[in-house]
2 protein chains.
Amino acid sequence: MTTLMVADDHPLFREAIAAVIAAGLPDSTLLEADSLAQAMREARRHEASLDLLLLDLGLPDAAGLDGLARLRDALPALPVAILSAEQDRRTVLEAIDLGAVGYIPKSTPRDDLLAALERILEGHLYLPPQVMRRPPPARPDSSPAPLDDRLTRLTDKQLEVLEALGHGASNKGIARKLGIAETTVKTHVSAILRRLGVTSRVQAVLLAGELDLAAYLAARRGR
Amino acid sequence: MTTLMVADDHPLFREAIAAVIAAGLPDSTLLEADSLAQAMREARRHEASLDLLLLDLGLPDAAGLDGLARLRDALPALPVAILSAEQDRRTVLEAIDLGAVGYIPKSTPRDDLLAALERILEGHLYLPPQVMRRPPPARPDSSPAPLDDRLTRLTDKQLEVLEALGHGASNKGIARKLGIAETTVKTHVSAILRRLGVTSRVQAVLLAGELDLAAYLAARRGR
DNA sequence: CCGGCCCTCCTACCAAGGAAGGAGGGCATC
DNA sequence: GATGCCCTCCTTCCTTGGTAGGAGGGCCGG
């Protein structure tokens, strides 16, 4: 006998979840809440028997993951899984970081949703494979010869300086690291700004990020 | 027919893994490597057929997660799972963050290890339940700080300023855009630097990027 | 060999960024 | 009603960033 609770402010959605669970986990009880406050009250009341809370992000009284944080704070022993429309990879990771035992996108097909719930109730974590799998490179790399060419207009030394710039280093720090005078660094920085067509180091750093300086450096070092 | 590779510098351990896989996944081939460099070479050679690389942390030529990062960089399409004695929760999360498709502690019982491999080969993520479950109890106060809440420590106005900062705007430009005095902008910027724990606007901008300020703003506006 | 580019460094100057402190008004909480 | 936080703005002072111009030495290709 397992007891679940769904916290979501959309009655229709709660109803849908209830139907799925009734069909797929017949030996279970489902509690409902339409706000974080109510969920907390109910959770405390059924503390001993509650096996899992399915928490929606976007409850009226819970600011996204902040609601999860508060919940974890108040009831650290309660397993909480996120059930959300949000599918951002960072959000998923942060939820797990905050102690969620699973993350189920609302777009999950009914059968997968049940499988996920079962995994979680067995003590495993569940994360959405299609979201988490192969995400971070995220470089479809449309143009093999991108030639955004602004980066190619920089000399080696300037690239070195720009790289350091990208770590938030000051001119003085760059000078130390590269073993040259600060005035020389300034010379390089000025040249970089001119060649990149920007007017401040912050803009240069942002542009370096957009043009994927790291990849450019990796590529040119690899050859 | 699946092809796996195990990268570990302990021959005995490789042998043990080979035995487990031979018994549990009879329809598979296992490649071996005793260094990151060799693993990369082998992986490139068998690029088309290799289904999963089991990577040990602590290879002689790869310092912990850095090896994973380099591997992901060089071969983004290759699924990599970590197989390590290390069981620190943060390490696990960072590995997943870097794109690992699973994390298997070396202490995992043989049967669970096989089950984990099967899950991973099916396209799911695997994380060690006993490590990840109920982990962050030390949340209420403690000091070392998870430090992802740094954005939440900023006031609305500060977030506005930080957003503008992220576009490379100068204090003067921000003042114009927000319709306040430049001195006020400076006040905000100073407060932002202090609360984010950085010492220059460039670092603040970089940190805002890492913490995904845009997503945070979108999330909080959406509610 | 010479012109051109790069790297190095300098001086000098001005603009921008940032720290520190004070101050008034608004708003909420207790 | 007092406390506390936020937002606003100010002055003062110092550091950092950036521009301009000049100068010497190295390297390369014409």
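Residue numbering restarts at 1 for every chain, and letters A, B, ... go by the order of the sequence lines.
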- Phosphate contact (D:dT16 OP1 or OP2) by A:Lys172 side-chain N/O below 4.0 Å: yes
- For B:Lys186 and D:dT8, what is the distance between atoms NZ and P respectively, to the nearest whole Å? 17 Å
- Message: Measuring from atom CD1 of B:Ile192 to atom CG of B:Leu154, what distance do you get when rounded to the nearest 0.5 angstrom?
- Response: 6.0 Å
- Query: D:dG17 C1' sits how many Å from A:Ile192 CD1, rounded?
  - Reply: 13 Å
- side chain to side chain contact (heavy atoms under 4.5 Å, CB included), paired with A:Tyr126, selected from A:Ile120, A:Val101, A:Leu113, A:Leu117: A:Ile120
- Task: Establish, with yes or no, whether the OP1 or OP2 oxygen of C:dC7 is under 4.0 angstrom from a side-chain nitrogen or oxygen of A:Thr184.
- Result: no
- Touch class at under 4.0 angstrom, heavy-atom based, for A:Ser190 against every strand present: base
- Query: OP1, OP2 of C:dT8 versus side-chain N and O of A:Lys157: anything below 4.0 Å?
  - Reply: yes
- Message: Give me the atom names and distance for the closest heavy-atom approach of B:Ala204 to B:Leu193.
- Response: CB-CD2, 3.8 Å
- Message: For C:dC6 and A:Arg195 - does any side-chain N or O of the residue sit under 4.0 Å from the phosphate oxygens OP1/OP2?
- Response: yes
- May I ask you to say whether B:Glu47 pairs ionically with B:Arg44, meaning some side-chain N is under 4.0 Å from a carboxylate O? no
- Message: With a cut-off of less than 4.0 Å, is there a side-chain N or O of A:His188 near OP1 or OP2 of C:dT8?
- Response: yes
- Task: For residues A:Gly168 and B:Val202, report the shortest heavy-atom separation together with the two atoms involved.
- Result: CA-CG1, 3.7 Å
- Item | SB check A:Asp56 A:Lys106 (cutoff 4.0 Å) | yes
- Note on the structure: Considering only heavy side-chain atoms of A:Ala181, the closest of C:dC9, C:dA16, D:dC10 is C:dC9
- Just checking A:Thr183: base, sugar-phosphate only, or nothing, at a heavy-atom cut-off of under 4.0 Å? base
- Send over the distance from B:Gln158 CD to D:dC6 P, rounded to a whole Å. 7 Å
- Query: How is A:Ser200 classified with respect to the nucleic acid when contacts are heavy atoms under 4.0 Å: base, sugar-phosphate, or nothing?
  - Reply: sugar-phosphate
- Message: Applying a 4.0 Å non-hydrogen cut-off, can you work out what B:Thr155 is touching in the nucleic acid: base, sugar-phosphate, or nothing?
- Response: sugar-phosphate
- In terms of side-chain geometry, is the basic nitrogen of B:Glu182 or B:Lys172 positioned less than 4.0 Å from the acidic oxygen of its partner? no
- Query: How do B:Thr187 and B:Thr199 order along DNA chain C: which one's closest nucleotide is nearer the 5' end?
  - Reply: B:Thr199
- Message: Tell me the interatomic distance from B:Leu154, atom CG, to D:dC5, atom P, rounded to whole angstroms.
- Response: 16 Å
- What is the distance from CD1 of A:Ile180 to P of C:dC7, rounded to the nearest Å? 10 Å
- Message: Rounded to whole Å, please give me the gap between CD in B:Glu182 and P in D:dC9.
- Response: 12 Å
- Item | Separation of atom CD in A:Gln203 from atom C1' in D:dG18, rounded to whole Å | 13 Å
- Applying the Watson-Crick and G-U criteria (both distances under 3.5 angstrom) with [ ] for crossing and | for other-strand pairs, one obtains for DNA chain C ||||||||||||||||||||||||||||||
- Figure out the CZ/P separation between A:Arg201 and C:dG18, and round it to whole Å. 10 Å
- Note on the structure: Result for 5'-nearest mapping on DNA chain D, choosing between A:Ala169 and A:Arg194, is A:Ala169
- Message: As a quick check of understanding, evaluate side-chain contact (heavy atoms from CB on, under 4.5 Å) for A:Met5 and A:Glu32, giving each step before the final call.
- Response: CA-CA 5 Å; A:Met5 174 156 63; A:Glu32 301 190 13; 6.0 Å; no
- Does a nitrogen or oxygen in the side chain of A:Asn171 sit under 4.0 Å from OP1 or OP2 of D:dT16? no
